[in-house]
Amino acid sequence: MDGNTATSPTSAPEVDGFARTVIAWHARHGRHDLPWQNPATPYRVWVSEIMLQQTQVATVIPYFQRFMARFPTLAALAGAEIDEVLHLWTGLGYYARARHLHQAARRIDIDHGGRFPSAIDRLLELPGIGRSTAGAILSLALGQRHPILDGNVKRVLARYHAIPGWPARAEVQRRLWALAEHHTPRQRNAAYNQGLMDLGASLCIRVRPRCGRCPLAAGCAARRLDRQSQFPEPRPARVKPVRRTRMLLLQRADRVLLVRRPPAGVWGGLWCPPECDLEADYVALCRRQFGLRIGPARAWPMRRHTFSHFHLEIHPLYASVQSEDPGVMDRPGHLWYNEHSSNRCGLAAPVRQLLQDLQEMRA
DNA sequence: AACCCGGGGAC
DNA sequence: GTCCCAGGGTT
């Protein structure tokens, strides 16, 4: 598969041993009691794999449990409102994953009669499902033979073969996929894939890997070189710019105003207090945009939220609403939020924190 | 404060 | 084809 080039220092007999070793290790030391493994239906494995993108197992488990309690079947998810899906995603991050999950459920309902596709090409047509996720679903739930390449597998393979370069780079990714395909066994692929992920999560961890317990240590090139910490190479460092925003906490009785964010970009589709520049005339803005006259404003301490590519400084400003022009708030995209009411909507983690602090201040 | 991460989409 | 974007938790 990989053409036996110099990129693959592994000879064929050893490859068979690689998969056998992983499968044997998985039987004794792998995880068999994860929520999505019992039962491992395509729908449950799909939801878990989407949640596990960019997110660790321990974080995902409670989200998965709540999600399954609310949406036990694909049909339940397809019939849901997006706000309720995002509500269950609140705090998990990368909210495009939830929107794609919801869109894909509706597409399966319409295009596939509600039956989860079992052909990888059909799976790859669905939003949010790429090569690795499709392979994981079909191998873990249906036992099909597909390689996977999640973060754990990338780390194991990059070390075992001493692959230089940052794994997200196209050329490095190509080499890793070729190796993943090369090692993938024809039999027992589910145990192999799950074992490889478990091994990467528990032994071949990023810092101070537990090579003493690793069944692959004898053939591992990084260990032979004593350079485990240098594979895989980290993302090139970049200076993160700082962006600043004002968030207006406008309180009317026991409720606070939220507006829906645009569907794409940061916190897409979530609800958020109205924002403006630090220099903006927020009194005029409240009047013009929302028809609200507000009382004296009080600045709250700045809080910082870090994204992958910038820092966000949030400067909250609290004010109570004195009077309101009728009708302005009837437009969609506005919401007087109260955590005790039945509002079900997605909130970004720092926004949820802000609303929580507001609640505590009033108590 | 630095590090990690699958897929979509802009280019 | 190749890079940039996205959001939390963990260390």
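Naming convention: chains lettered A, B, ... in sequence-line order (proteins, then strands); numbering from 1 in each chain. Predicted, not measured: the structure shown is a model, and the values here were computed from it.
- OP1 or OP2 of C:dG8 has at least one side-chain nitrogen or oxygen of A:His305 nearer than 4.0 Å.
- Between the NE2 atom of A:His311 and the P atom of B:dC3 there is a distance of 12 Å, rounded to whole Å.
- Ring geometry, A:Trp300 versus A:Tyr318: the interplanar angle falls under 30°, so the pair is classed parallel (tilted spans 30 to 60°).
- Each of A:His102, A:Glu125, A:His112 was scored for a side chain to side chain contact (heavy atoms under 4.5 Å, CB included) with A:Arg107, with one residue passing: A:Glu125.
- In this structure, A:His100 contributes its side chain and A:Ala96 its backbone to a donor-acceptor pair below 3.5 Å.
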Each nucleotide in nucleotides 6-11 of chain B should get exactly one letter: B, S or -. Can you fill that in based on protein heavy atoms under 4.0 Å?
BSS---
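- Relative to the side chain of A:Arg155, the nucleotides C:dG7, C:dT11, B:dC4 differ in distance, and B:dC4 lies closest.
- At a threshold of 4.0 angstrom between heavy atoms, the contacts of A:Gly268 with the nucleic acid are absent.
- Side-chain N/O atoms of A:Arg97 and A:Thr55 include a donor and acceptor closer than 3.5 Å.
- Residue A:Arg208 contributes atom CZ, which lies 17 Å from atom P of B:dC3 at whole-angstrom precision.
- Distance CH2 (A:Trp166) to C1' (B:dC3): 12 Å, rounded to an integer number of Å.
- For A:Trp267, whose side chain is taken as the heavy atoms from C-beta onward, the closest listed nucleotide among C:dG8, C:dT10, B:dC3 is C:dG8.
- Comparing B:dA1, C:dG7, C:dG8 by their closest approach to the side chain of A:Arg304 singles out B:dA1.
- One can place CE of A:Met51 at 15 Å from P of C:dG7, the figure rounded to the nearest angstrom.
- A:Leu157 places a side-chain heavy atom less than 4.5 Å from the side chain of A:His183.
- Between the CD atom of A:Gln173 and the P atom of B:dC5 there is a distance of 11 Å, given to the nearest Å.
- Of the possible donor and acceptor atoms, none in the side chain of A:Thr133 sits under 3.5 Å from a partner among the backbone N and O of A:Gly130.
- At a threshold of 4.5 Å between non-hydrogen side-chain atoms, the residues A:Pro274 and A:Gln289 do not count as touching.
- When distances are taken from the side chain of A:Ala348 to each of B:dC4, C:dG8, C:dG7, the shortest belongs to C:dG8.
- A:Lys240 places its NZ atom 14 Å from the P atom of C:dG8, with the value rounded to the nearest Å.
- Between A:Arg244 and A:Asp277, no side-chain nitrogen of the basic residue sits less than 4.0 Å from a carboxylate oxygen of the acidic one, so the salt-bridge criterion is not met.
- Residue contacts for A:Tyr63: at a heavy-atom cut-off of 4.0 Å it reaches no nucleic acid atom on any strand shown.
- Take the nearest nucleotide of DNA chain C for A:Pro350 and for A:Arg174: the residue whose nucleotide is more 5' is A:Arg174.
- Out of C:dG7, B:dC4, C:dG8, the shortest distance to the side chain of A:Ala349 is found at C:dG8.
- Here the P atom of nucleotide C:dG1 and the CZ atom of A:Arg169 are 18 Å apart, to the nearest Å.
- Checking C:dT11, C:dT10, C:dG7 against every side-chain atom of A:Thr59, the shortest atom distance belongs to C:dT10.
- Rounded to an integer number of Å, the gap from A:Arg238 CZ to B:dC4 P is 14 Å.
- Going from the P atom of B:dG7 to that of C:dG9 covers 22 Å, rounded to whole Å.
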